[in-house]
2 protein chains.
Amino acid sequence: MSRVLVVDDEPQIRRALGINLRARGYDVDLAETGEEGLELAARHHPDVVVLDLGLPGIDGVEVIQGLRGWSQVPVIVLSVREAESDKVAALDAGADDFVTKPFGMDELLARLRAALRRAAPSEEEAVVETPDFTIDLAAKRVVDAAGAEIRLTPTEWHIVEVLVRNGGKLVGQKQLLQEVWGPAYETETNYLRVFMAQVRRKLEPEPGRPRYFFTEPGMGYRFEVAEP
Amino acid sequence: MSRVLVVDDEPQIRRALGINLRARGYDVDLAETGEEGLELAARHHPDVVVLDLGLPGIDGVEVIQGLRGWSQVPVIVLSVREAESDKVAALDAGADDFVTKPFGMDELLARLRAALRRAAPSEEEAVVETPDFTIDLAAKRVVDAAGAEIRLTPTEWHIVEVLVRNGGKLVGQKQLLQEVWGPAYETETNYLRVFMAQVRRKLEPEPGRPRYFFTEPGMGYRFEVAEP
DNA sequence: GATCGAATGACAGGTGCCCGTCAATCGTTG
DNA sequence: CAACGATTGACGGGCACCTGTCATTCGATC
C-alpha cells in the first residue's frame with residue numbers, strides 16, 4: 001500500500017489523519033515540525049505528503065522547497081488561511097493541491113487518491129523470465145535466452161498474455177476462448193489446439209514435452225515457470 | 001505556449017478567463033457545453049482543461065469520464081457547489097484539482113501553472129540518438145547523421161513523438177490513432193499506413209527495410225534502436 | 001490385456017485481412 | 001493563387017487465421 005507523510009503541529013489533526021489513513025490501509029508517518037517532516041521524507045520516501053502551512057519553526061512553503069530539491073513526491077497542503085496569496089505561494093513553490101481547514105475526511109481522501117493516481121503512471125514492470133525466454137507484458141514482446149526477438153502473431157500473443165497473467169493458475173478452455181476470440185467461440189476447442197501448438201513451437205525448447213505451457217486434459221491450460 | 005480549454009456555460013466566466021489567459025500568452029479554446037468541450041478537446045488536444053461542473057446537457061463528471069477514456073490531460077474543475085460529495089465524485093472521476101466559485105484569478109492561474117508543471121515531461125534528457133538520425137523531443141527537432149535538419153510535418157512529428165516516448169514498447173494502432181488524431185479516429189488505420197510510410201521515407205535509410213520503426217502486423221508499431 | 005471413445009496434437013490447403021504504396025482531392029496558409 | 005499537408009480511395013502481395021482430416025495418447029471398460 002502507499003505511504004503517507006503527515007506534517008502538522010496540531011495533535012488532534014495528526015491523530016485524526018493517522019487513524020483514518022491507517023484504517024484505509026495506508027502506511028502513515030506523522031511529523032510535528034517541518035524539520036521532522038523533511039527528515040522523515042528523506043528516510044522513508046513517502047508516496048504522498050500532507051503538509052500544514054502554518055508550522056512553528058520553518059514555514060510550510062520552505063518545507064515544499066526543501067522537498068522539491070530532490071523529490072517529485074506529490075504534496076497536498078492544509079491551511080486555515082483563506083488568503084489567496086498563501087495559496088498562490090504554496091502552489092508555485094511546488095505544491096500539488098490545496099485543502100482549506102476545516103476539511104472533510106472524504107474530500108481529503110479523494111484528493112489523496114487523485115494525487116496518488118497522478119503520480120503512479122509507473123507501468124509496473126510486468127516481465128516474466130524463464131531459462132528459455134523472457135516475456136515483457138508491457139512492451140508486448142518476447143525474447144529468447146540469447147536475446148533474439150521471438151515474433152508472435154496477434155492471436156498467439158493474446159493467448160500467451162492471458163495465460164501468463166494467470167500465471168500458475170489453470171485457465172479453462174471456455175475462458176481462454178472467450179477472452180481471445182469472444183463469447184461466441186467458447187466451443188471452438190480446435191482453435192486452442194492449433195494455436196497452443198504454434199505457441200509451443202515458438203517458445204518451448206521441446207514442443208513435444210512442454211516445460212511452461214501445460215495441458216490439463218479436459219479442462220484447459222496452465223502457464224508455469226518451474227522452480228529451480 | 002500552452003493550450004487551455006475552458007468549458008463553462010456562463011458567458012462572463014468564459015469571457016473573463018479568455019481575456020486573462022490570452023493576456024498571459026496561453027492559447028485558449030472556449031466551449032459552452034460538455035459536448036462542445038469534448039469535441040474541441042479531441043480536435044485541439046489542449047495541455048490543460050478548465051471545466052465547470054454545472055453544465056447544461058451532459059454533466060461535468062461525464063465530461064471528465066469522456067476525456068479520461070483517451071487522454072491524460074489535467075482537468076481543473078470549477079464549481080459553485082460546496083458539497084463535499086461533488087468534489088469527491090469529480091476527483092474520483094479523474095479530475096486533478098478543484099476550485100470553488102467565486103475564485104480569484106491569481107489562484108486559478110497558480111493552479112493552472114501547477115497542473116501544467118506536473119504534466120510537463122520534466123525536461124529530462126529527451127534526446128534519442130541513432131546511427132542515422134538524432135531526435136530531440138524537447139526541441140521538437142530531428143537532424144540526420146550529417147547534422148542537417150530533417151523537417152517533419154506536425155502529424156508526422158506527433159507520430160514520431162508518441163512512438164519514441166514509448167521506445168521499445170509496442171504502441172497499439174488504436175492508441176496511436178487516439179493520441180495523434182483523437183478518439184473518433186481509432187478505426188482509421190489508413191492514416192497510420194500513409195503517415196508511417198512518410199516517416200520512414202524521411203528517417204529510415206532503407207524505407208523498405210525499417211531499422212527503427214517496426215510494424216507488428218495486426219497490432220501496431222514499435223520504435224527501437226538496435227543494440228550495437 | 002484387448003478394445004473403444006474422448007481429447008489432444010500434427011499437418012496442409014484455401015481464403016480473407018492487413019500492410020505498403022501510389023495517386024487524386026480537399027483544406028489551409030501565406 | 002501557389003504550396004503544402006492532410007484526407008481519402010484503390011490495388012496488389014503476403015501472411016495470419018480458419019478449417020478439415022488424420023495420428024496419437026490416455027483412461028475406462030470388459
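Here the structure is a predicted model, which means the values were calculated and not measured. Lettering follows sequence order; numbering is per chain, from 1. The analysis underlying the following values was restricted to heavy atoms, covering all of them including side chains, and did not include hydrogens, waters or symmetry mates.
- A/Q198 and A/R201 are linked by a side-chain donor-acceptor pair at a separation below 3.5 angstrom, with hydrogens and angles left out of the test.
- Using five terminal pairs a side, the axes of the helix from C/dG1-D/dC30 to C/dG30-D/dC1 at its two ends make an angle of 40°, given in steps of 10 degrees.
- Toward the 5' end of DNA chain D, the nearer of the two residues B/R151 and A/T153, judged by each one's closest nucleotide, is B/R151.
- Going from atom CD1 of B/I159 over to atom P of C/dG20 covers 12 Å, rounded to whole Å.
- Residues from residues 185-220 of chain A placing a heavy atom under 4.0 Å of any atom in DNA chain D, listed by number, are A/Y191, A/V194, A/F195.
- The nearest whole Å value for the distance from the CZ atom in B/R43 to the C1' atom in D/dT7 is 16 Å.
- The environment of A/M219 atom CE is sparse: at most 12 non-hydrogen atoms of other residues, nucleotides or ligands sit within 6.0 angstrom.
- Heavy atoms of other residues, nucleotides or ligands lying less than 6.0 angstrom from CZ of B/R15 number 12 at most.
- With sequence neighbours excluded, the residues forming a side chain to side chain contact (heavy atoms under 4.5 Å, CB included) with A/R151 are B/E216, B/P217, listed by chain and number.
- Other residues, nucleotides and ligands contribute over 12 non-hydrogen atoms within 6.0 Å of the NZ atom of B/K202.
- Side-chain contact between B/D96 and A/R117 is absent, with no heavy atoms from C-beta onward closer than 4.5 Å.
- Between B/L17 and B/L108, some side-chain heavy-atom pair lies under the 4.5 Å cut-off.
- In this structure, A/Y26 has no ring pair (Phe, Tyr, Trp, His ring centres under 6.0 Å) partners at least two apart in sequence or on a different chain.
- OP1 and OP2 of C/dC18 both lie 4.0 Å or more from every side-chain N or O belonging to B/Q173.
- Put simply, B/T155 has no side-chain N or O that comes within less than 4.0 Å of OP1 or OP2 on D/dG5.
- Relative orientation of the A/Y191 and A/Y185 rings is tilted, given thresholds of 30° and 60° on the angle between their planes.
- For B/Y221 and C/dG20, the shortest distance from a side-chain N or O to OP1 or OP2 is below 4.0 Å.
- Not counting sequence neighbours, A/Q72 has no partner by the side-chain hydrogen bond (donor to acceptor under 3.5 Å, both in side chains) test.
- In this model, the phosphate group of D/dA6 is not approached by any side-chain N or O of B/W181 to a distance below 4.0 Å at OP1 or OP2.
- With respect to A/R165 and A/E179, no salt bridge is recorded, no charged nitrogen being found less than 4.0 Å from a carboxylate O.
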At a cut-off of 3.5 Å, list every protein nitrogen or oxygen paired with a nitrogen or oxygen from nucleotides 24-30 of chain C, distance to 0.1 Å.
none

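- Across the protein-nucleic acid pair, A/L177 atom CG and D/dC18 atom C1' stand 14 Å apart, rounded to whole Å.
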